[in-house]
Amino acid sequence: MPTRTELVWDGKYDAKGKRVAPVRVQLPFQTVETVNESAQERDKLFQLALGDQPWRNRLIWGDKKYVLPSLLAEFAGQVNLIYIDPPFDTGADFSFTAAVPEHDDEDNGDAIAFTKEPSFIEQKAYRDTWGRGLDSYLQWFYETVVVLHELLAENGAIYVHLDWHVGHYGKTILDEVFGIDNAQGEIVWKRASTVKGNFGQGSKLWSPNTESIFPYSRGQGYTFNPIFKPYSEEYIETFFRYREPDGRRYRLISMIGPGGEAKGNPVYEIMGIKRAWRYSKDRMQKLIEDGMVVQTKPGSVPQRKQYLDEGKGVAIQTLWDDIEALSPSANERLGYPTQKPEALLERIIQASSNENDLVLDCFCGSGTTAAVAERLGRRWIACDLGRFAIHTTRKRLLNVANVRPFIVQNLGKYERQLWQAGEFDVGQPFQADEGEVSRTDAANVGLERPTYAKQRAYVEFILKLYHATPVSGYTWLHGIHAGRMVHVGAVDAPVSAGDVTQIAAEFKRAMGTGKNAPSSNGVDVLGWDFAFELNEVARQQAASANIKMHFKRIPRDVMDKRAVDAGDIKFFELASLAVEVLTRRVSEGADVNPRTVTLTLTDFVIPPDDVPEEVRTAVKHWSQWIDYWAVDWDNKGDAFHNEWQTFRTRKDPKLALETSHAYAEAGEYRVVVKVIDILGNDTTRTVKVKVK
């Protein structure tokens with residue numbers, strides 16, 4: 001039996017010699033937002049809730065380790081084109097440049113910019129990739145492409161973008177997973193016409209000016225549409241040097257049949273020359289009659305005219321030297337150091353997919369793939385681990401003319417349930433909420449609800465990270481910290497106004513009841529998610545009960561043992577948003593709708609998070625923290641439906657703080673306002689309006 005050449009790294013096989021397989025947990029997706037969807041489309045989807053729904057492009061926030069396997073149930077063998085630009089430089093990280101815009105009333109020069117360091121979850125992803133150097137990178141890369149291979153359609157292709165650091169290792173893994181016969185060459189992208197070297201500073205490294213893109217297919221029937229670029233003036237002058245009397249340019253091309261007579265080409269004599277020709281004798285005679293055949297001199301082989309204005313251009317080959325990398329001042333530039341130009345993705349998408357095909361990018365970054373796919377009429381799925389990347393992509397898509405509605409999803413509580421089940425052991429079988437996950441999905445998830453004892457272990461774990469002392473004898477109050485009672489929210493449900501009612505009632509009963517009684521009228525409510533209406537209703541409930549209640553988000557970092565061991569877990573209070581509502585009850589003119597509601601943002605308080613002190617002190621007005629806000633004018637208690645939005649761009653950094661909406665019918669409406677700050681964090685506020 002012949003031996004097989006194979007790339008082996010530490011971690012590819014376990015101690016028993018069995019290959020380590022990728023994570024296969026399939027978690028259900030949660031839709032947290034629909035974007036750019038009209039009220040009519042929304043109503044139609046609601047009516048089709050139990051049947052087949054129209055396609056919605058997907059923007060998914062989550063770790064690809066869980067996202068990709070979770071796509072398999074629906075999309076195995078269905079993706080027509082995959083483009084990935086994974087990290088391939090050991091110096092890469094998840095930091096990004098955040099900008100605080102100028103305030104309209106201030107004349108203080110340039111906007112403030114600072115570097116936002118990666119979260120622990122993002123650092124964990126980086127360590128998982130590079131923690132053991134090349135070995136861990138290769139295992140991470142291998143696990144990724146194995147699942148991508150399963151997602152690819154039979155006529156599909158994948159383009160993997162790498163550079164000299166790991167390109168040759170990556171190609172070896174791609175050969176193993178896709179098969180070397182399905183390798184479709186190596187594209188060399190020359191990023192810039194010139195690169196400034198560091199030889200003057202003593203550098204002994206050749207200045208990198210190229211990156212590699214490795215295209216692979218699932219099989220031999222893959223989609224490929226040749227791409228042509230216009231002829232250069234030099235090319236035209238060199239090759240299209242002949243002209244008709246009217247000035248029309250042409251060149252002469254060979255008519256000799258490739259492979260000669262052995263390949264079945266007809267052999268005959270024409271213009272005194274006997275050869276095997278490309279065309280039949282009748283077709284050749286017609287070309288001669290049409291003046292399309294030229295014999296430059298007696299005895300020379302006849303050639304055919306090819307007119308410049310009929311040519312497609314020069315076929316693109318494997319050296320791409322006509323697309324420059326983005327300059328710092330490019331209009332496309334969105335602050336990502338590894339951002340690729342749209343022209344690069346346009347070429348790939350046009351070459352290897354057709355209209356309405358499905359395109360996937362699981363390292364979407366600034367959203368170049370999704371934006372180009374949208375513009376070219378492809379369906380798309382874009383994923384990223386970074387919250388800021390998801391926000392940047394959302395804004396970019398909204399700048400695409402006539403962008404189709406799309407949804408924003410995550411794995412939400414299911415990822416947390418998986419963590420809880422593994423970290424604190426298990427009890428009763430997992431039960432999905434009614435109508436939320438099918439029986440098959442629940443079986444795939446393989447999650448289980450914790451017993452009371454294990455649930456308590458989870459609560460005490462969070463209390464320890466919050467530096468709180470556990471208390472007993474209560475249902476809704478779990479600990480005490482600095483004289484304030486503490487409630488720990490469940491992993492699988494948002495903290496709701498109903499929860500706040502129970503917390504407040506139990507707090508009042510707890511006052512003065514023993515050693516576990518609170519010493520102040522304060523309660524800290526810790527939660528993974530918070531219901532839309534919490535900002536308004538819950539705060540009012542707490543205030544009416546004379547309780548100073550703070551709402552703080554449990555960070556995803558608690559799911560990373562190394563982050564926990566480092567002792568750097570921070571619980572930040574939710575941002576606070578104030579909204580003023582004006583309802584126009586009577587018409588003030590012929591063109592004024594009497595059911596018009598106007599919303600005005602009047603205040604926004606952001607927790608300090610990782611914002612440097614010098615940045616906080618430089619902010620002169622609360623609106624400078626806001627990058628984007630959107631409104632769901634008729635929320636029905638489901639996902640946030642983005643029916644109107646405004647946001648800052650490089651061209652227009654100003655932000656409107658007021659918007660209006662005219663309702664078609666009288667009634668009471670639940671309006672949800674979502675604000676996204678300059679770091680990509682979102683805050684919601686719910687208000688109720690009544691129009692007559």
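Here the structure is a predicted model, which means the values were calculated and not measured.
- Remark: His391 NE2 to Ile678 CD1 distance equals 10.0 Å, nearest 0.5 Å.
- Taking the six-membered ring for Trp, Trp644 and Trp629 have ring centres closer than 6.0 Å.
- Evaluated for a side chain to side chain contact (heavy atoms under 4.5 Å, CB included) with Arg553, the options Trp528, Phe572, Phe530 yield exactly one hit, Phe530.
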task: Under the side-chain contact (heavy atoms from CB on, under 4.5 Å) rule, what do Ile227 and Gln350 come out as? Steps first, then yes or no, please.
output: CA-CA 8 Å; Ile227 304 296; Gln350 286 181 330; 3.9 Å; yes
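- Thr646 has its side chain out of reach of Tyr628: every pair of non-hydrogen atoms, C-beta onward, lies at least 4.5 Å apart.
- Remark: the backbone N or O of Asn681 is paired with a side-chain donor or acceptor of Asp677 at under 3.5 angstrom.
- Within the 3.5 Å criterion, the main-chain N or O of Val672 finds no donor-acceptor partner in the side chain of Asp632.
- Residues Leu574 and Thr683 are not in side-chain contact: their nearest non-hydrogen atoms beyond the backbone lie 4.5 Å or more apart.
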message: Could you walk me through whether Asp175 and Tyr216 satisfy the side chain to side chain donor-acceptor pair (under 3.5 Å) test, starting with their C-alpha distance in whole Å, then the side-chain angles of each, then the deciding distance to 0.1 Å, before giving a yes or no?
response: CA-CA 9 Å; Asp175 285 344; Tyr216 281 76; 2.5 Å; yes
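- Annotation for Asn225: atom CG counts as buried by contact number, over 12 foreign heavy atoms lying within 6.0 Å.
- Annotation for Pro86 and Leu162: closest pair CG-CD2, 3.9 Å, computed over non-hydrogen atoms.
- Taking CH2 from Trp380 and SG from Cys364, the interatomic distance works out to 8.5 Å, rounded to the nearest 0.5 Å.
- Side-chain N or O atoms of Arg375 include none that pairs as donor or acceptor with a backbone N or O of Ala373 at under 3.5 Å.
- For the residue pair Gln339 and Leu334, the shortest heavy atom distance occurs at OE1-N, 2.9 Å.
- Relative to the six-membered ring of Phe647, Lys395 misses at least one condition, a distance below 6.0 Å or an angle of at most 45° to the axis.
- Here the straight-line distance linking atom CD of Gln184 with atom CD1 of Ile158 works out to 12.5 Å at 0.5 Å rounding.
- A centroid separation of 6.0 Å or more is found between the aromatic rings of Trp633 and His641.
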message: Let's go through Arg404 and Glu374 carefully: what are the C-alpha distance in whole Å and the side-chain angles of both, what is the deciding distance for salt bridge (charged side-chain N to carboxylate O under 4.0 Å, His left out) to 0.1 Å, and is it a yes or a no?
response: CA-CA 8 Å; Arg404 294 165 295 179; Glu374 175 66 29; 3.1 Å; yes
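- One distance of note links CG of Leu71 with CD of Gln78; it measures 12.0 Å at 0.5 Å rounding.
- Between the side chains of Asn182 and Tyr222, not a single donor N or O lies within less than 3.5 Å of an accepting N or O.
- Atom-to-atom distance recorded for Asp63:CG and Leu411:CG is 9.0 Å, nearest 0.5 angstrom.
- Taking the six-membered ring wherever Trp is involved, the centroid distance between the rings of Phe214 and Tyr159 does not fall below 6.0 Å.
- Taking the ring axis of Phe406 as reference, the NZ or CZ atom of Arg58 does not stay both within 45° of it and closer than 6.0 Å to the ring centre.
- A 4.5 Å side-chain heavy-atom check between Asn354 and Thr223 finds at least one atom pair inside the cut-off.
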CA sep, side-chain torsions, deciding dist, call: Asp357, Arg379, salt bridge (charged side-chain N to carboxylate O under 4.0 Å, His left out): CA-CA 6 Å; Asp357 277 353; Arg379 296 174 297 137; 5.8 Å; no
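- Around the CG atom of Asn356, the shell of radius 6.0 Å holds more than 12 heavy atoms that belong to other residues, nucleotides or ligands.
- Side chain of Glu355 to main chain of Gly377: no donor-acceptor pair is present (N/O by atom type, distance under 3.5 Å, no hydrogens or angles).
- Using a 4.0 Å cut-off between a side-chain N of Lys or Arg and a carboxylate O of Asp or Glu, Arg648 and Asp652 do not qualify as a salt bridge.
- Ion pairing of Glu211 with Lys190 is absent here, as no side-chain N (NZ or NE/NH1/NH2) approaches a carboxylate O to less than 4.0 Å.
- Comment: Arg670 does not engage Asp634 in a salt bridge, judged by the lack of any side-chain N to carboxylate O separation of less than 4.0 angstrom.
- No hydrogens or angles considered: nothing links the side chains of Thr368 and Glu342 as a donor-acceptor pair under 3.5 Å.
- Put simply, the side chain of Ile323 reaches to within 4.5 Å of the side chain of Arg347, judged on heavy atoms.
- Residues Cys362 and Ile84 form a side-chain contact, since some pair of their non-hydrogen atoms from C-beta on lies under 4.5 Å apart.
- If you check the side chains of Thr34 and Arg56, you find no donor sitting under 3.5 Å from an acceptor.
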message: Show, in sequence, the C-alpha distance, side-chain angles and deciding distance for Val166 and Phe141, and conclude whether the side-chain contact (heavy atoms from CB on, under 4.5 Å) test is met.
response: CA-CA 10 Å; Val166 294; Phe141 184 77; over 6 Å; no
query: Hey, mind stepping through Asp361 and Ile82 against side-chain contact (heavy atoms from CB on, under 4.5 Å) and telling me if it holds?
result: CA-CA 6 Å; Asp361 183 350; Ile82 298 171; over 6 Å; no
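- We find that Arg191 and Asp163 are not joined by a salt bridge, their nearest charged nitrogen and carboxylate oxygen being 4.0 Å or further apart.
- Between Gly365 and Asp384, the closest heavy-atom pair is N-OD2, 2.9 Å.
- Between Trp140 and Pro87, the closest heavy-atom pair is CH2-CD, 3.6 Å.
- Between Asn80 and Ala153, the closest heavy-atom pair is ND2-CB, 4.1 Å.
- Of the charged side-chain nitrogens involved, none lies within less than 4.0 Å of a carboxylate oxygen, so that Glu143 and Lys64 do not count as a salt-bridged pair.
- Among all heavy-atom pairs drawn from Ala639 and Thr31, the shortest one is CB-O, 3.4 Å.
- The OG atom of Ser352 sits 10.0 Å away from atom CG of Asn155, with the distance rounded to the nearest 0.5 Å.
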message: Apply side-chain contact (heavy atoms from CB on, under 4.5 Å) to residues Val188 and Thr318 and explain how you reach the verdict.
response: CA-CA 6 Å; Val188 177; Thr318 56; over 6 Å; no
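- When side chains are defined from C-beta on, Asn410 does not count as touching Phe29, because their heavy atoms never get closer than 4.5 Å.
- Looking at Gln26 and Leu72, their side chains come closer than 4.5 Å, going by heavy atoms from C-beta outward.
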task: Apply the test side chain to side chain donor-acceptor pair (under 3.5 Å) to residues Trp320 and Asp322: give CA-CA distance (whole Å), side-chain angles for both, the deciding distance (0.1 Å), then the verdict.
output: CA-CA 6 Å; Trp320 294 3; Asp322 58 330; over 6 Å; no
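- Cation-pi geometry between Arg556 and Trp61 is satisfied (NZ or CZ under 6.0 Å from the ring centre, within 45° of the ring normal).
- Using a 4.5 Å heavy-atom threshold, the side chains of Val579 and Thr600 count as separate.
- In the model, His161 has a side-chain atom that pairs as donor or acceptor with a side-chain atom of Tyr83 under 3.5 Å.
- Of the residues listed (Leu385, Ile60, Leu59), the one engaging Ile390 in a side chain to side chain contact (heavy atoms under 4.5 Å, CB included) is Leu59, and it is the only one.
- Ion pairing of Glu186 with Lys171 is absent here, as no side-chain N (NZ or NE/NH1/NH2) approaches a carboxylate O to less than 4.0 Å.
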